[in-house]
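Take this structure, written in C-alpha cells, and hold onto it; I'll ask about it next.
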Amino acid sequence: MPSPKVSEKQKLCISCRKCCEAVGIYIDPENYIETKRELARFYRARGFHVTTEDGLLYLTIDFPCPNLTKRGCAIYERRPRICKTYSGLDDFREHCLWSKLPEHRNKKNK
C-alpha cells in the first residue's frame, strides 16, 4: 500500500512539535502596573522562558503533551479536534515552522 502524501506544512509540523512540547503566550505589559522588567522577573521565577517581541512579553514553558512520544503523537488518528485545527502561528508566531512557508512569511500574526 502506498504511503499517504504528506504536505510541506505537515512535514514542518511533524519536525517542529513546538506546540506539543511547550505552551506559549504573549502578554502586553501595558495591561499591568509593574514594569516589563518586573513582569519578566516574576515569570522567570516561575519557570517561564521570557523574551520580548514587538513590545510584548513572550512567555513559554515546557509542558509536553502526555500523548507525545519520541515517535510522535500516540493518539494521532483519534486526536482531539483542537489538535487538528490548531495553528502554532497563533501562539508561537515565528517560532512555529509554518511561519517559514511562503503564505505566512510576510504576514504579521496576531
Side-chain angles (χ1 to χ4, degrees):
M1 172 178 261
S3 60
K5 185 170 171 81
V6 178
S7 71
E8 185 63 27
K9 196 170 188 176
Q10 288 171 315
K11 287 178 192 174
L12 289 172
C13 190
I14 291 165
S15 68
C16 179
R17 299 183 191 181
K18 184 82 171 169
C19 56
C20 299
E21 295 174 344
V23 176
I25 58 170
Y26 287 86
I27 62 168
D28 186 349
E30 296 292 321
N31 294 329
Y32 297 84
I33 297 169
E34 295 79 9
T35 66
K36 190 184 296 185
R37 177 181 233 155
E38 291 169 325
L39 287 168
R41 190 173 321 135
F42 173 83
Y43 284 108
R44 282 188 183 110
R46 281 145 186 85
F48 286 87
H49 307 278
V50 181
T51 57
T52 304
E53 294 181 20
D54 299 327
L56 302 175
L57 289 180
Y58 177 56
L59 312 175
T60 58
I61 191 162
D62 296 334
F63 196 81
C65 175
N67 297 303
L68 184 63
T69 70
K70 289 181 182 183
R71 296 184 55 172
C73 180
I75 62 164
Y76 186 80
E77 294 302 321
R78 59 184 195 288
R79 69 195 185 282
R81 186 171 57 101
I82 186 67
C83 295
K84 295 175 185 176
T85 60
Y86 175 80
S87 169
L89 294 168
D90 294 336
D91 293 330
F92 295 101
R93 295 184 181 180
E94 68 274 359
H95 303 280
C96 172
L97 290 184
W98 286 357
S99 66
K100 310 299 184 240
L101 294 170
E103 64 264 30
H104 300 295
R105 198 172 293 139
N106 296 321
K107 291 182 183 178
K108 279 280 189 184
N109 298 305
K110 294 179 184 175

Point to revise | Minimum-distance pair of heavy atoms, taken over all atoms of Cys13 and Trp98 | key: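 That would be CB-NE1, 3.7 Å.
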Check your understanding: Below 4.5 Å, heavy atoms only, C-beta onward: do Lys18 and Cys96 meet side chain to side chain?
Key ->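 Lys18 does not reach Cys96 side chain to side chain.
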Review point. When hydrophobic residues are tied together by side-chain contacts of less than 4.5 Å, even through go-betweens, does Tyr86 share a cluster with Leu68?
Key: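 They do not share one cluster, since no chain of ILVMFWY contacts under 4.5 Å joins Tyr86 to Leu68.
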Review point. Can you tell me how far the CG atom of Asn67 sits from the CZ atom of Arg78, to the nearest 0.5 Å?
Key: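 One gets 7.5 Å once the value is rounded to the nearest 0.5 Å.
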Point to revise | Side-chain touch Pro80/Ile75, heavy atoms, less than 4.5 angstrom | key: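 Yes. Closest side-chain heavy atoms under 4.5 Å.
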Exercise for review: Return the minimal non-hydrogen interatomic distance between Thr69 and Arg17, and the atom names on each side.
Suggested key: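 Looking at all heavy atoms of both residues, the shortest contact is O-NH1, 3.3 Å.
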Check your understanding: Is there side-chain contact between Thr52 and Lys36, with heavy atoms separated by less than 4.5 Å?
Key ->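 Yes, their side chains come closer than 4.5 Å.
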Review point. CZ/Arg79 to SG/Cys20 distance, rounded to the nearest 0.5 angstrom?
Key: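 Answer for the CZ-SG pair, Arg79 versus Cys20, is 9.5 Å.
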Review point. Going by the ring-ring contact (aromatic ring centres under 6.0 Å, His included) test, which pairs reach into residues 37-62, not counting sequence neighbours?
Key: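 Residue pairs with at least one partner in residues 37-62: Tyr26-Tyr58, Tyr43-Phe48, Tyr58-His95.
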Review point. Would you say Leu12 and Tyr76 are hydrophobically clustered, going by side-chain heavy atoms of ILVMFWY under 4.5 Å?
Key: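 Unlinked, Leu12 and Tyr76 end up in two clusters.
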Check your understanding: Are side-chain heavy atoms of Leu59 and Arg46 found at a separation under 4.5 Å?
Key ->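 Heavy-atom side-chain distance check fails, nothing below 4.5 Å.
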Review point. Same cluster for Val50 and Leu56 if Ile/Leu/Val/Met/Phe/Trp/Tyr side chains link at under 4.5 Å?
Key: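 No, Val50 and Leu56 fall in different hydrophobic clusters.
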Point to revise | Thr60 OG1 to Asp91 CG distance, which is reported to the nearest 0.5 Å | key: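 Reported to 0.5 Å precision, the distance equals 11.0 Å.
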Review point. What about Leu89 and Leu101, same hydrophobic cluster or not, with Ile/Leu/Val/Met/Phe/Trp/Tyr joined at side-chain heavy-atom distances under 4.5 Å?
Key: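 Linked, Leu89 and Leu101 end up in one cluster.
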Practice item. For Thr51 and Glu53, work out which heavy atoms get closest and say how close. Key: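 Looks like OG1-OE2, 3.9 Å.
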Review point. For the atom pair CD (Glu8) and CD (Glu103), what is the distance rounded to the nearest 0.5 Å?
Key: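 If I round to the nearest 0.5 Å, the distance is 10.0 Å.
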Review point. Do the side chains of Val23 and Leu39 join up, straight or via other hydrophobic residues, at under 4.5 Å, putting them in one cluster?
Key: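 They do share one cluster, since a chain of ILVMFWY contacts under 4.5 Å joins Val23 to Leu39.
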Check your understanding: Which atom pair, heavy atoms only, marks the closest approach of Cys16 to Leu97?
Key ->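 Closest pair (atom of Cys16, atom of Leu97, distance): CB-CD1, 3.6 Å.
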**Study point:** Shortest non-hydrogen contact between Leu57 and Ala40, atoms and distance
**Key:**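 Answer, listing the atom of Leu57 first, then Ala40: CD1-N, 4.1 Å.
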